[in-house]
Amino acid sequence: MTHDPRRSQHTPELRAAVRHLPRRRFLTVTAAAAALAFSVNLPAAGTASAAELDAAKITEDPFTLGIASGDPLPTSVLLWTRLAPTPYQPDGGLPAERVTVHWEVAHDERFHRVARSGTAVAHPEFNHTVHAEVNHLDSDRDFFYRFRVGKWISPTGRTRTAPAPGSRNRLLTFAGVSCQAYTDGYWTAYRHLADEDVDMVLHFGDYLYEYAVNAVGGYRNYTDRTVPDIFNHETVTLEDYRLRYALYKTDPDLIAAHAAHPFVVTWDDHETENNYADDIPENSVPPEEFLLRRAAAYRAYWENQPLRRPQLPVGPDAQLYRRLHWGRLAQFDILDTRQYRSDQAYGDGLQLPGPVIDDPERTMTGDRQERWLLDGWRDSRALWNVVPQQVNFSQRKLDLNPVSKLSMDSWDGYRASRRRILDGAKAAGIENLMVLTGDVHVAYAYDIKDDFDDPSSRTLGTEIVPTSISSGRDGAEHLPTWETYTKANPHMKFYDGRRGYGIIRLDREQGRADFKVVPYVTTPGAPVFTAASFMTRVGDQGLRQV
């Protein structure tokens, strides 16, 4: 076994002890008190946590971070915004007072036919974010929405509701995105995505990166502006994470994409810290210290994403895995493969496989989430079962040696866990399985094999990895590993190293994936084009290039 000095303070005995302690017992008294501060829910109805701000005193545009919607249900949408007249200040330029925000949802872009309207409170405890759950809407419809505070009116956004339960809808089109490192380049792909005709966008994680951002914005290389020095350090505290979201969310291309489409989000590691596993950090810090950081990261994530109340964290815990339906056409089981996983085997990284990765006690999802997924498949009546998640699911051999190295952070490092998932899909009779993945900063298309070492074994589904928005910088169509990976993995049907996104269309006969790429991100204004398209037929899994 290789030794990783990052984790030198976490002996196997300590890790075992930690996992058998309830998290609240494990925290020190001081840490538990601090974590408790993150567990406070919104003030109860009829109470006020702070004085109310007179909206007339807001003299600058409070909608600098844009608007968003998310998690569409058949009769409900979730609307989000955050009030921040001066977004690069910790308080966003507002006093510690609550603000009443008016919202409208309409059938038309000019708001001549308003479907619903109401108010929500932006609480200072939640950095003046708004999560307005709008109910009693017609199903399977486009809507337009906006917010108002005093004299200020937000830009208009477009959202939509899902089809009614049980409806035999015939078409769903969605986009897949991930990995948007601010310092690696411009988010031109989001500008193009804003113009796509899709029902929703699925984000597979790494919406945020914790690393320092220097004055020129890294590979964005600004010549007309300076990034404030407050971003030139790694995020650790709640204030750090809130400010980093402010930096990301002032990007005009991201603002445009959020306004154009509802998002369904899940996190990976960088929203907190690179390659953490459950309560085990990347670096050698006490677990209770890391859990405080995780509590801060999870709190800021919920505040800054279009998420509903059930996803609100309690201390360092948040149930982000959840299930959405698109009539009888598709069931989406959104996974969290970071919060509950066992520690990476053999010190993490790219390693030769050993018996640890086949240990049935190790898990990628945690027992509860695994049972939830498999039970959901057994009960599913959907034609397509789609699994948005974070890390490479299919086997990916990294060299041509008789025994190849594998990534310990991906499902290859948790083979017993993957085997249980695949066996569960077979037992449930899932015929049209599609796994969606981020993390790796390239585009892949895989056939998911019953036995990855036997190309003739049954194909159980497909995996689509739609590359990154900016992480990895410009990239190239064929990276140095292209020939090796495609030879070592016959079930890998596509590999492209450029930036972009995916467009997936599901109907009752087939699924189609279009890999959209931009040729560069280190300078703005790149065009977008389709690098490749693949389809898989209902009841006959396996990718075919079209």
Side-chain angles (χ1 to χ4, degrees), residues 176 178-179 204-206 268-269 275 277 335 337-338 341 344-354 356-358 362 364-365 387-422 425 433-468 471-472 475-498 502 513 515 531-532 534 536 541-543:
S178 69
C179 301
F204 313 130
D206 292 345
D268 194 14
D269 53 343
N275 277 26
L335 298 190
T337 64
R338 194 56 65 177
R341 66 159 69 192
Q344 290 94 339
Y346 304 118
D348 202 1
L350 312 181
Q351 308 290 349
L352 290 172
V356 173
I357 68 174
D358 295 311
R362 298 180 72 253
M364 175 66 87
T365 61
V387 184
Q389 54 96 52
Q390 293 74 34
V391 294
N392 203 90
F393 182 81
S394 299
Q395 180 170 281
R396 183 181 53 149
K397 293 182 177 180
L398 303 174
D399 56 56
L400 297 171
N401 296 324
V403 178
S404 172
K405 287 185 176 181
L406 304 170
S407 168
M408 294 298 103
D409 190 58
S410 73
W411 287 83
D412 278 338
Y414 301 78
R415 285 199 303 211
S417 191
R418 180 172 62 197
R419 185 70 260 168
R420 291 193 298 271
I421 298 300
L422 293 178
L433 172 65
M434 180 176 286
V435 176
L436 304 171
T437 300
D439 182 61
V440 288
H441 309 166
V442 297
Y444 293 133
Y446 293 102
D447 285 346
I448 299 174
K449 306 298 288 186
D450 195 9
D451 180 354
F452 286 105
D453 292 321
D454 180 4
S456 66
S457 70
R458 178 184 171 191
T459 298
L460 301 180
T462 57
E463 180 178 8
I464 304 299
V465 187
T467 196
S468 63
S471 302
E477 180 180 5
H478 290 165
L479 296 175
T481 54
W482 185 87
E483 185 174 1
T484 297
Y485 286 12
T486 53
K487 285 183 178 179
N489 301 283
H491 55 285
M492 181 186 288
K493 304 302 180 181
F494 180 65
Y495 174 14
D496 190 296
R498 292 169 289 193
F515 290 90
F534 290 84
T536 179
Q541 290 291 275
L543 292 167

Does [Y] offer a backbone N or O that forms a donor-acceptor pair with the side chain of [X] under 3.5 Å?
X: Gln389; Y: Val391; result: yes
X: His441; Y: Gly475; result: no
X: Lys405; Y: Leu398; result: no
X: Asp269; Y: Asn275; result: yes
X: Asp451; Y: Asp453; result: yes
X: Asp454; Y: Ser456; result: yes

Requested in this report: Apply the test side chain to side chain contact (heavy atoms under 4.5 Å, CB included) to residues Leu350 and Leu406: give CA-CA distance (whole Å), side-chain angles for both, the deciding distance (0.1 Å), then the verdict.
Outcome: CA-CA 5 Å; Leu350 312 181; Leu406 304 170; over 6 Å; no
Looking only at non-hydrogen atoms, find the nearest pair between [X] and [Y] and report the distance.
X: Glu483; Y: Thr486; result: O-OG1, 3.1 Å
X: Met408; Y: Gln344; result: O-CG, 3.6 Å
X: Trp482; Y: Glu477; result: CD1-O, 4.3 Å
X: Thr536; Y: Leu543; result: CB-CD2, 4.4 Å
X: Ile357; Y: Pro353; result: CD1-CB, 3.5 Å
X: Ala488; Y: Pro490; result: O-CD, 3.6 Å

Report task. Answer with yes or no whether the side chains of Asn392 and Tyr446 bring together a donor and an acceptor at under 3.5 Å. Result ->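 Yes, side-chain donor-acceptor contact under 3.5 Å.
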Query raised in the report: With distance as the sole criterion, is a donor-acceptor pair present between the side chains of Asp439 and Gln390 under 3.5 Å?
Result: no
Report task. Starting from the C-alpha separation in whole Å, work towards a yes-or-no answer on side chain to side chain donor-acceptor pair (under 3.5 Å) for Glu463 and Trp411. Result -> CA-CA 13 Å; Glu463 180 178 8; Trp411 287 83; over 6 Å; no
So do the side chains of [X] and [Y] get within less than 4.5 Å of each other, counting heavy atoms only?
X: Leu479; Y: Tyr485; result: no
X: Thr467; Y: Phe515; result: no
X: Leu422; Y: Phe393; result: yes
X: Asp268; Y: Phe204; result: no
X: Val440; Y: Arg396; result: yes

Calculate, to the nearest 0.5 Å, the distance between atoms [atom1] and [atom2] belonging to [X] and [Y] respectively.
X: Leu460; Y: Ile448; atom1: CG; atom2: CD1; result: 7.5 Å
X: Asn489; Y: Tyr495; atom1: CG; atom2: OH; result: 10.5 Å
X: Asp496; Y: Tyr444; atom1: CG; atom2: OH; result: 11.0 Å
X: Ser468; Y: Arg498; atom1: OG; atom2: CZ; result: 12.5 Å
X: Thr459; Y: Lys449; atom1: OG1; atom2: NZ; result: 3.0 Å

Under a 4.0 Å N-O cut-off, is there an ion pair linking [X] with [Y]?
X: Arg418; Y: Asp412; result: yes
X: Asp409; Y: Arg341; result: yes
X: Lys487; Y: Asp399; result: no

Report task. Apply the test side chain to side chain donor-acceptor pair (under 3.5 Å) to residues Tyr414 and Thr365: give CA-CA distance (whole Å), side-chain angles for both, the deciding distance (0.1 Å), then the verdict. Result -> CA-CA 10 Å; Tyr414 301 78; Thr365 61; over 6 Å; no
Query raised in the report: Can you list the steps and then say if Met364 with Ile421 is a side chain to side chain contact (heavy atoms under 4.5 Å, CB included)?
Result: CA-CA 10 Å; Met364 175 66 87; Ile421 298 300; over 6 Å; no
Query raised in the report: Could you walk me through whether Thr462 and Gln541 pass the side chain to side chain contact (heavy atoms under 4.5 Å, CB included) check?
Result: CA-CA 7 Å; Thr462 57; Gln541 290 291 275; 4.2 Å; yes
